[in-house]
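Basis for what follows: all heavy atoms, side chains included, without hydrogens, waters or symmetry-related copies. The sequence lines fix the lettering, A, B, ..., with proteins before strands; numbering per chain opens at 1.
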Number of protein chains: 2
Amino acid sequence: MSDTKGSSGIKEIARALNVSIGTVDRALHGRAGVSEKTKTRVLQMAERIGYKPNLAAQALKLNRKLSIAAILPKHISHFFDPVRAGICAAAAATVGMQVSLEFHEYPRLGVGDVDAFKRATERHYDGIIFLPGDTRKFDSLIRTLSRNGTAMMCVGSDAPNTDRMGSVAAHAYVSGAIAAELLAMKLPQRSTVAVFSGDLFTMDHAEKLRGFAATLAVQAPHLMLLPALESHEQPKQAYQQALALMKGKDRPQGLYLSTANSMPVLKALDELSLLGKVQIVTTDLFQELIPLIEFGKVMATLYQRPYTQGKVAFETLMRHLRGDDKSHPSIRLAPHVIFRSNLPLFSSQIIDTDEEEEVETKMPKG
Amino acid sequence: MSDTKGSSGIKEIARALNVSIGTVDRALHGRAGVSEKTKTRVLQMAERIGYKPNLAAQALKLNRKLSIAAILPKHISHFFDPVRAGICAAAAATVGMQVSLEFHEYPRLGVGDVDAFKRATERHYDGIIFLPGDTRKFDSLIRTLSRNGTAMMCVGSDAPNTDRMGSVAAHAYVSGAIAAELLAMKLPQRSTVAVFSGDLFTMDHAEKLRGFAATLAVQAPHLMLLPALESHEQPKQAYQQALALMKGKDRPQGLYLSTANSMPVLKALDELSLLGKVQIVTTDLFQELIPLIEFGKVMATLYQRPYTQGKVAFETLMRHLRGDDKSHPSIRLAPHVIFRSNLPLFSSQIIDTDEEEEVETKMPKG
DNA sequence: TTGAAAGCGCTACCAA
DNA sequence: TTGGTAGCGCTTTCAA
């Protein structure tokens, strides 16, 4: 038994001390215009009666307005749609702040992204949630908007060494490490493995490769890693690379597909009748992947929890704009490892993005 | 670009329609005393100008008070402490509701639990968060308190077929299923496996066993399951059972320790020099388990996310008491599968339970 | 240094 | 069926 979060209130304190509520307010907030003596008296009394400010009243009075934008690609909708949904959900749950939320879309990373940012600059948003792509292009954009007074919140990847407000992403290094450990489980013999990546200039992708390689070296030295293949999110290119790789002389027995662009690779393997013979760990979860996991063609996928990413990104941004948190947090979610056995917990959410973190089900009848 | 959550307000609508704000309020809330005609006019206008109620003002006016209690065992603190922390965190984040939160503790399931409930009955809480143990004892307690007007929220397990308000727990069936799939990965040959359980009259424990057995049957028919061992959370008993089992003639090559009471079993295996030779999947995460995972003695543990359970339980209870949700939700969290490679993401939180869901780190230098 | 009072947007009550 | 208004707990401004 402990912790009684009492009610009381500012005027409770005022009455007990025979001062006005104005004085109490000034004392509590360390504002000017209170004698040191009354201030301590107020603070003590507040402590004593367990004063907790009424956040609703505070919010009502302060009545702040915030304009937020989310600038995200249309492409890879199985990832960014839930991100958007998470942002929406968090925005809807906001209390005591009038938030105007606008979504901007551009076709894909590298196509229309700069334009979208240009447009956003003119609108002078209080905060922007966005996916940082290639450092060489984005870093200056971020700086410009930050200078402009906009809090820049990264989601899905990070842009360190900029003045972005913060970032939320799946822990990329650990994702790579898990992939390595999983492949090692299924490949106890001396074998060769390969990584399909997107663009090693994107922070997130480079980190995954690092985690993968580092973990192989320590936990599975019997596995040899081939040079990483960059497909730049081009399906065609990934497909060609996969065909070439699997037809080549040192065909890997294990694959880590570290981006969402995994279907072309899986298609190539299917055509070569290699699905099920090669151990595969993928990234994200989408409709086409479900049967492959169900039938054991893909041993596991690393789910980056896009809904939660969006939700947390928005919440963190709000906390920052409310002034509660002046730090620049790098939040890294633990990816979920999805196997055949826990797939049902996640696959239902692909249709119904409403809940993500929690799954609501009837228990299977025993 | 879409979705502009505008500001406006109730009097905006009133002015536009030349009616009083009282009328608008009645129309918006479907209260009696408005003609059908004005009602539709108001609703349309609200839609048109994108009316969003100011939740702070609403909360301030309504000014509801709620008293909540959490009645949880002291034992298995590595699980229930984070549950309590999650409850606290959710309570602290509450806006627009004066919540008084009280914690009650009893030694362990079966010891002092009934007394704790008795005491709680007298206090007439609006809601109680608790761990449902043995059905035969708890069901009537739950019913009594529910009749009494208290919303009964289960955490950690469930009590179906009662009028509990809802439940939050890790998905037990899926936990068992994952354990089976993991063991099958490491045991490709014909082998024997065993499950250590707590009490099969506890819903959660029975479900884990069901999931495990069902998954073995379908995905790994080459693994033979020995009869489940119930240790009733008694360390001594678990230790003895483990010794007997591992010295017996059909010694299993794989173990699923489905409760927090896993250390005695691991100790027994250690003494028999079997650690590392037998594949083991455990449950929960605590200090002593960390090195065992790090050194590969335990292949994986299924983390039931106690902090999130507490947080979600409280949030769900609040939503119910606010009247937003009249359903009786059974929320099942996806357990996290923790291997050596993603252990660091979780082990840091054992000391610092502040954040659980999100991990905040500096990226490892590349 | 302090007190008094207006008013944030909403709900609820009373009067018309 | 409607309009008017008090007041939720707090911040802030103006006056003392």
Quick one: do the B:R41 and B:S35 side chains pair a donor with an acceptor below 3.5 Å?
no
Donor on one side chain, acceptor on other, B:S77 and B:R84, under 3.5 Å
no
Measure [atom1]/[X] against [atom2]/[N] and give the value in whole Å, please.
X     : N      : atom1 : atom2 : value
A:N54 : C:dG9  : CG    : P     : 16 Å
A:L60 : C:dT11 : CG    : P     : 12 Å
B:I10 : D:dG3  : CD1   : P     : 12 Å
B:L17 : D:dT2  : CG    : P     : 11 Å
A:I13 : D:dG9  : CD1   : C1'   : 12 Å
A:E36 : C:dT1  : CD    : P     : 9 Å
A:K11 : D:dC10 : NZ    : C1'   : 10 Å
B:N18 : D:dT2  : CG    : C1'   : 13 Å

Phosphate OP1/OP2 of D:dT1: any B:T38 side-chain N/O under 4.0 Å
no
Review item, nucleotides 12-16 of chain C N/O atoms under 3.5 Å of protein N/O:
{"residue": "C:dA12", "atom": "OP2", "partner": "B:R31", "partner atom": "NH1", "Å": "3.3"}
{"residue": "C:dC13", "atom": "N4", "partner": "B:R26", "partner atom": "NH1", "Å": "3.4"}

Please test B:H104 against B:I128 for side-chain contact (heavy atoms from CB on, under 4.5 Å), starting from the C-alpha separation and ending with a verdict.
CA-CA 10 Å; B:H104 296 251; B:I128 292 181; over 6 Å; no
In terms of side-chain heavy atoms of B:T23, which of D:dG9, C:dG3, D:dT2 is nearest?
D:dT2
Of the listed nucleotides (D:dC10, C:dC10, C:dT2), which one gets closest to any side-chain atom of A:Y51?
D:dC10
Return the angle between end axes of the helix from C:dT1-D:dA16 to C:dA16-D:dT1, with five pairs used per end and rounding to 10°.
50°
Test item: B:M165 and B:P329 side chains (from C-beta on) under 4.5 Å apart, heavy atoms:
yes
The single option from A:V42, A:T38, A:L43 that satisfies side-chain contact (heavy atoms from CB on, under 4.5 Å) with A:V24 is A:V42
Around atom NZ of A:K37, are there more than 12 heavy atoms of other residues, nucleotides or ligands at under 6.0 Å?
no
Closest non-hydrogen atoms of A:D163 and A:S146, given as atom of the first, atom of the second and distance, are O-OG, 3.4 Å
Check the pair A:D115, A:K118 against salt bridge (charged side-chain N to carboxylate O under 4.0 Å, His left out), reporting the backbone distance first and the verdict last.
CA-CA 5 Å; A:D115 285 353; A:K118 285 254 172 61; 5.2 Å; no
Validation row, ring centre A:F117 to ring centre A:F138 under 6.0 Å
yes
